[in-house]
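Every chain is numbered from 1, with letters handed out A, B, ... down the list of sequences.
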There are 2 protein chains.
Amino acid sequence: MSGRAARTRERILATSLALFNDLGEPRVTTNQIADETDISPGNLYYHFHNKDDIVHCLFERFESRIQEILVTPQSRAADMEDMWLYLHLIFEVIWEYRFLYRDLPHLLGRDRKLQQRFRRIIDRKVATAAAILEGLVSSGVMAASPEEIQAVAENIALLATQWLTFQQLRHRAAPLDQQLGRGVYQVISLVVPYLRGEARTLLDRLSRVYLV
Amino acid sequence: MSGRAARTRERILATSLALFNDLGEPRVTTNQIADETDISPGNLYYHFHNKDDIVHCLFERFESRIQEILVTPQSRAADMEDMWLYLHLIFEVIWEYRFLYRDLPHLLGRDRKLQQRFRRIIDRKVATAAAILEGLVSSGVMAASPEEIQAVAENIALLATQWLTFQQLRHRAAPLDQQLGRGVYQVISLVVPYLRGEARTLLDRLSRVYLV
DNA sequence: GTCTATATAGGGATAGAC
DNA sequence: GTCTATCCCTATATAGAC
């Protein structure tokens, strides 16, 4: 594959991602993608076997991006800073590939492999959230039983997975950073009641930033 | 419309609901519906203007069912019993019409009216949750600031809206009552940390029932 | 690599007989 | 009310020239 071919391939992926995010994958046709990329429909099929191939390719990029984040190099106990960073990174990647979350059942319904891989990502989300919470407990910032940690970790994963979809249902046209900020705030609000005195007010101040 | 026509119409709606819930609305064709109802494709279009008409009709039933639940006849302050009942009723209706939640963006994306009406339902969910939480505070069972109540109410609404979708992503084949039970448990776990001493253990016992 | 032209299939919806 | 037959459109995907 020459440099030119690689560049065309890249442009197809870029416009596909943009259109998918904007309209939802089911409503975007291959002709539309070709048109927007300024190539012919036939040329598109030279670079990709079919539409699912494009989706698959985009998913793989998403997957490697998010796995980078979910690899927690926990050499020390986590603090609230880790939590904050973790949430921001997660939300940013989800935003970048939001079409995957928008029509999740539809996309995964036609590909078992994809389903498995996505499931593994969610499992990791829960595990990472739990690890951070345990870190908070062991460093004394937070007080919670193992069952409580598990329940909160699952809720964090669910919120981080479904927040954008839910939010866009409620307030379609809100600006990006506000939506992501609200998401982080909502997730943090899950943790707040388990924090101890001083840390609780610290977080309280931090989270207020997002409610502008 | 004679009794016979009404009965056919009803059968179409019943099989549509079953197929939609099972496979997702986008993957069910009108021919499939007709076939499963043991009528001809043409006959289906005698009873319904088009496919969206069927979806619309099912949505209206869902809407009236859920609005019945969300009309809180609050003549007194709420207690945990109200919360428990509220959650169970909500989850049951969502389960019955789960196809609406499965492909929500896709279904609402092609109908502004539907979008508005669904948005109103969610707003009501948040409001009802907030009202119950305020009831818990005013009866002394719970301690929380207005901001905390608002944040928790939104999280309750999100969880009650997206739980099933999320859950079926993770564990496809779990039995119904277990899935709904876990959902109720997860929502209740949002409230637990705000409860006071005795109520907290009471709820703790109650919620453990769901983790079987 | 890229194009134009076209095959093919599936599903929504209608016509008209009974 | 219900059927059979069929139309039509859309979207995916391919063929073959350049």
Rounded interatomic separation in angstrom, taking [atom1] from [X] and [atom2] from [N]:
X      : N       : atom1 : atom2 : result
R7(A)  : dT2(C)  : CZ    : P     : 9 Å
R27(A) : dT12(D) : CZ    : P     : 14 Å
I39(B) : dC3(D)  : CD1   : P     : 7 Å
D35(B) : dT4(D)  : CG    : C1'   : 14 Å
D38(B) : dT4(D)  : CG    : C1'   : 16 Å
N31(A) : dT4(C)  : CG    : P     : 12 Å
Y46(A) : dC3(C)  : OH    : C1'   : 13 Å
L44(B) : dT4(D)  : CG    : C1'   : 15 Å

Under 4.0 Å from OP1 or OP2 of [N]: is there any side-chain N or O of [X] that close?
X      : N       : value
T30(A) : dT12(D) : yes
T29(A) : dA11(D) : no
N43(B) : dC3(D)  : yes
Y45(B) : dT14(C) : no
T8(A)  : dG1(C)  : no
R9(B)  : dG1(D)  : no

Using only heavy-atom distances, determine whether the side chains of [X] and [Y] contain a donor-acceptor pair under 3.5 Å.
X       : Y       : result
R182(B) : Q178(B) : no
R112(A) : Q116(A) : no
N155(A) : S189(B) : yes

DNA chain C contacts among residues 49-62 of chain B, heavy-atom distance under 4.0 Å: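 Close to the strand are N50(B), K51(B).
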Pairing of [X] and [Y] as salt bridge, 4.0 angstrom limit:
X       : Y      : value
D82(B)  : R76(B) : yes
R61(B)  : E10(B) : yes
R124(B) : E63(B) : no

Compare the minimum distances between each of dT4(D), dG1(C), dT4(C) and the side chain of H47(A), then state the nucleotide with the smallest one. dG1(C)
Centres of the Y101(B) and F166(B) rings: under 6.0 Å? no
